[in-house]
Amino acid sequence: MTGVRPVLEYGAAFAVLVAAWWYASGPMGMPPYLLPSPQATVLALVREATTGSLAGHLAFTLRSIALGLALGAVAGVALAYVLYRVPLLSTLLDGPLVVLQSAPKIALAPLFVVWFGLGLEAKLALVFSLVFFPVLIGALAGFRAIDPRLHDVAALLRLGPARRFATIDLPAALPGIFVGLKVGGVQALVGAILAEWISGNRGLGFLMTFAAATYKAPLLFGAVLLTALLGVALHLALGLAERRLLAWNDADER
Amino acid sequence: MIEIDGISKVFQLRGKSVPALEPLTHAVPEGRFVAVVGPSGCGKSTLLRLIAGLETPTSGTIRLGAGPVKRPVGFVFQDAVLLPWKSVEANIRFPLDTAGMERARSDAVVRELVALVGLRGFEQALPRQLSGGMRQRTAIARALADDPPILLMDEPFSAVDLLTRETLNDELLRIWQRTGKTVMLVTHSVEEAAYLADEVMVMSARPGRLERTYAVDLPRPRSEETKLDRAYHELVAALRRDLRGGEAPR
C-alpha cells in the first residue's frame with residue numbers, strides 16, 4: 001500500500017471543512033468578527049507572512065515540538081530500557097512513575113514558566129514532560145515483549161550490552177516505541193501551543209493570544225488553521241516514519 | 001570435539017530445587033554427528049544449552065576443543081528465531097556483521113551459504129514471508145555463517161511438515177559432509193536420529209540422565225536406501241523400546 005490513500009482522505013476532509021466554513025461565513029451571513037471568511041483568513045496569513053514574523057513564529061513552535069519530541073523520546077526510551085534491564089528498579093519506581101504519569105502536566109505549565117523563564121526552555125520542559133511518559137510506557141511494553149530467545153542469539157554471538165541494545169533490543173521494541181511516539185506527537189503540539197499561550201512573545205500560540213487580544217479574528221483563525229495543519233503534518237510524518245521503519249511488522253501482508 | 005565431564009544442572013524454581021540433568025560424562029570426537037533422543041523433560045535441551053554456554057552448569061565442566069575461536073558453536077533453535085526486521089540475507093549476515101567482517105568478504109560468504117541451504121531467489125525476503133522450512137534453512141545458514149566448528153541443533157525440524165523434514169534431513173547430511181562439523185542434534189524422532197547420526201545418545205527423564213549410547217554403523221552416504229536397511233529398522237525399534245521403557249515409571 002502506498003501513501004496516496006491517506007493523503008486523499010485528509011485532502012477530502014479538509015476540502016469539506018473549508019467548504020462548510022466558506023458557506024457559514026459567506027452565504028449564511030455569520031458576522032466576520034465571529035467567523036472570518038476563508039479568504040480573509042488566508043489574506044491575514046499572507047500579510048503576516050510577508051511582514052516577516054509568521055515564519056519566525058512557525059519556526060519557534062516547530063523547534064519546541066521537534067526538540068521536545070526528540071529529547072522526550074530519547075529520555076523515555078532510555079529510562080524504559082533501564083527499567084527493563086533492572087527489574088528491581090522497576091518495582092521501586094513503579095509507584096512514583098504512575099503518580100507522575102497521571103499528574104496533569106498541563107497544570108504544571110505555569111510552574112515551568114516560573115522555573116525556566118519565558119524562553120524556549122519552559123516550552124521544552126512542558127513538551128518534554130508530555131512526550132516522555134507515553135514513550136516510556138510504549139517503549140517499556142515494547143522491550144518487555146521481546147522474544148527472550150533473541151537474547152539467546154545475542155549470547156551465542158557474544159554481543160556486548162551496547163551492541164545488543166542497538167542490534168536487537170531497540171529494533172525489536174520499535175513497534176511499542178512508535179505507539180508511544182504517536183501519542184506523544186499529538187501531546188507535543190498541544191504542549192508547545194499551550195506554553196506559548198501563557199508566556200513569551202513568539203510561536204503560533206503567542207500569535208493566537210496576540211490576535212485574540214487585538215480583535216484580529218482573521219489572524220486568529222489563520223493561526224488556528226496553521227496549528228491544525230501542523231498537527232496533520234506531524235501525524236503524517238510519524239506515520240511515514242513508522243511505515244518505513246516497521247514494514248517488517250505489518251500484520252496484513254500474507 | 002566436545003568433552004562433557006560430570007555436567008549437571010539444577011534449576012531453582014520459586015525456592016525449590018528442580019534437577020534437570022544428573023551428572024553426565026560423554027565425549028564427542030571432532031566431526032562426529034551425534035543425535036540425542038529422550039522423552040520430554042529428560043534434560044536433552046538443557047544439555048545442549050549447557051554446551052552452548054546459554055546456561056551455567058551446577059557442576060562439572062565442558063571443554064570444546066575448538067581452539068581460540070570467539071564463537072565456537074552455531075546453534076539452531078526449535079523455531080528459527082530470526083530477527084524479523086531483517087531479510088534472509090541480512091539475518092545470515094548478522095553474525096558476520098557483529099564480528100566486524102567487511103562487507104565485500106561477508107557478501108561472498110552469504111552468497112555461498114544462501115546457495116548451500118537452497119534459498120537462492122529469497123535473499124531479500126523477510127522472515128514472515130517465508131514458510132517454516134525456509135525460515136529454518138535461514139537459521140541453519142546463520143548458525144554456519146561464522147564457520148563454528150560445532151553445530152548444536154535443538155529439535156530443529158519439529159515445527160515443519162514431514163515431507164519438508166525429510167528433505168531438510170538430507171540437506172543437513174549434505175551440509176555436514178561438506179563442512180565436516182561436529183554436530184549434536186536433539187530430536188524426539190527416533191527415525192531421524194537413526195537416519196542421521198553416527199551415534200545416538202538415549203536419555204531418560206526425571207531426573208534427566210544418559211541412559212545409554214548406540215553406535216550407528218549404517219553405511220554413508222545415507223539415502224532412502226538406508227531406510228530399507230534391516231539394521232536401520234532394528235536400531236529404530238531398539239531406540240523406541242528404550243524410550244517407552246523410560247516413560248513407564250510414573
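We name chains A, B, ... by the order of the sequence lines, and we start the count at 1 in each one. Heavy-atom basis, side chains included; hydrogens, waters and symmetry copies ignored.
- Under a cut-off of 6.0 angstrom, the local environment of NE2 in His151(A) is crowded, with over 12 non-hydrogen atoms contributed by other residues, nucleotides or ligands.
- More than 12 heavy atoms of other shown residues, nucleotides or ligands fall within 6.0 angstrom of atom CD in Gln101(A).
- Applying the 6.0 Å contact sphere to CZ of Arg174(B) captures more than 12 heavy atoms from other residues, nucleotides or ligands.
- For the atom pair Leu83(B) CG and Leu150(A) CG, the distance stands at 6.0 Å (nearest 0.5 Å).
- Within the 4.5 Å cutoff, the side chain of Arg71(B) has heavy atoms near those of the Leu157(A) side chain.
- Within the 4.5 angstrom heavy-atom criterion, only side-chain atoms of Arg163(A), from C-beta onward, approach chain B.
- A 6.0 Å sphere centred on NZ of Lys70(B) holds more than 12 heavy atoms belonging to other residues, nucleotides or ligands.
- For Leu159(A), the part sitting under 4.5 Å from any heavy atom of chain B is the side chain, from C-beta outward, and nothing else.
- For Glu30(B), the CD atom counts as loosely surrounded, since its 6.0 Å shell holds 12 or fewer non-hydrogen atoms of other residues, nucleotides or ligands.
- Separating the CG atom in Asp152(A) from the CZ atom in Phe75(B) is a distance of 7.5 Å, to the nearest 0.5 Å.
- Judged purely by atom type and a 3.5 angstrom limit, Arg128(B) uses its side chain to pair as donor or acceptor with the backbone of Trp248(A).
- For CZ of Phe14(A), the number of neighbouring non-hydrogen atoms (other residues, nucleotides, ligands) closer than 6.0 Å is 12 at most.
- Highest contact tally toward chain A, considering only Asp97(B), Leu54(B), Leu126(B), is held by Leu54(B) [criterion: heavy-atom pairs under 4.5 Å].
- Within the 4.5 Å cutoff, the side chain of Leu174(A) has no heavy atoms near those of the Trp85(B) side chain.
- Of the listed residues (Thr167(A), Leu245(A), Asp147(A)), the greatest number of heavy-atom pairs within a distance under 4.5 Å of chain B belongs to Thr167(A).
- More than 12 heavy atoms of other residues, nucleotides or ligands shown are found within 6.0 angstrom of OH on Tyr81(A).
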